[in-house]
Amino acid sequence: MQIAVLGAGSMGHGIAQVSAMAGHDVVLRDIEDGFVEDGLEGIRDNLQGGVDRDKLTEDEMDAVLERIEGTTDLEAAVADADLVVEAVPEDMALKQEVFADVEAATGEDTVIASNTSSLSVTEMASALEHPERAVGLHFFNPPHIMDLVEIVVAEQTDDRTEAFAVDYVRDIEKEDVVVRDTAGFATSRLGLALGLEAIRMVEQGVASPADIDEGMSIGYGHPMGPLELTDHVGLDVRLHIAEHLREELGERFKPPQSLRRKVRAGNLGKKTGEGYYVWEDGERVGMSGDWGKE
Ligand SMILES: NC(=O)c1ccc[n+]([C@@H]2O[C@H](COP(=O)([O-])OP(=O)(O)OC[C@H]3O[C@@H](n4cnc5c(N)ncnc54)[C@H](O)[C@@H]3O)[C@@H](O)[C@H]2O)c1
């Protein structure tokens, strides 16, 4: 089928790639030529990495690239699309505008999906004249590696759209979970609950960040402990989501004091060199504060 992906950033280019790898024709749209080029370059790099690791052949790579076209023209991107996936920045007003613009430029049966990680798809869909065609397709980062797609069913989503989303996710060989449109969906809500409790445990001196993380990675088989994951995601991002979930779901998502303090101090995790751990050149070299070396 014909798929349009709007936004060629971290997520958009990956969603375009996995769609093309499943044999779909994809148009990748961003607002400036340079962003489109960066997205296409990202796809080329990912695929080349796959060729280097013998996951696909040069010919397969070329065939995937041939199925992807870049553009800055919204109308050209969505006119013939069966599915449009928006991956523009996480801003409700922008996403509603994009949804409405897409609806004005595409066919009546086109499914319009959002890759939002935290916003209400129901609210986004209210910008449409036919909101029953809206659905959330929450990919994980990076989309070409991560197997899960959370399908977010808005209040207005009809059965056809939900079934279409499930078929698409299975077709691109990802695993689907279907969740109702509630704050934090299923994954962010549970992941954050674990992260916030781990932070409170560090504050209470229950154990060091490294010991808490090891407990979860070795004891529970998590690929990464909740504190290291917080450092990867960004403390500012986690704080923002916690505030949103507190507002929607209650005090159990109240952000711990140390999370606020660290964000105020500019210690946002791996990207700034310190969060609950200290990072150098992308590597963990110790723990933050008095916990010292691991
Ligand atoms: N980064 C993640 O880990 C992650 C994971 C899951 C979901 N998400 C969600 O995916 C969405 C995109 O996030 P991202 O990290 O890829 O952001 P990003 O900033 O890397 O990319 C966004 C892109 O959208 C482009 N853009 C802005 N306005 C546009 C418009 N009107 N039309 C087309 N393109 C436009 C920007 O130029 C930019 O290239 C957000 O809703 C985010 O919450 C992100």
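Both ligands and their constituent atoms are indexed starting at 1 by order of listing.
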- Backbone N or O of A8 within a donor-acceptor pair of the D30 side chain at under 3.5 Å? yes
Can you give each donor-acceptor pair under 3.5 Å made by side-chain atoms of residues 87-97, sequence neighbours left out, with the distance rounded to 0.1 Å?
| residue | atom | partner | partner atom | Å |
| --- | --- | --- | --- | --- |
| E90 | OE1 | T116 | OG1 | 3.0 |
| E90 | OE2 | T116 | OG1 | 2.9 |
| E90 | OE2 | S117 | N | 3.3 |
| E90 | OE2 | S118 | N | 2.9 |
| E90 | OE2 | S118 | OG | 2.8 |
| D91 | OD1 | A93 | N | 2.9 |
| D91 | OD1 | L94 | N | 2.9 |
| K95 | NZ | E86 | OE1 | 3.0 |
| K95 | NZ | E86 | OE2 | 2.8 |
| K95 | NZ | V88 | O | 2.9 |
| Q96 | NE2 | E123 | O | 2.6 |

- Message: Checking D213 against Y276: is there a side-chain donor and acceptor pair closer than 3.5 Å?
- Response: no
- Query: Above 12 or not: heavy atoms from other molecules or residues under 6.0 Å from CZ of R180?
  - Reply: no
- Contacts of R200 that satisfy salt bridge (Lys or Arg N to Asp or Glu O under 4.0 Å) - sequence neighbours left out: E197
- Can you name the residues that come within less than 4.0 Å of ligand 1, going by heavy atoms only? G7, G9, S10, M11, R29, D30, I31, F35, A87, V88, P89, E90, K95, V98, N115, T116, S117, H138, F139, N141
- Note on the structure: Hits for salt bridge (Lys or Arg N to Asp or Glu O under 4.0 Å) against E132, two or more places apart or cross-chain, chain-then-number order -> none
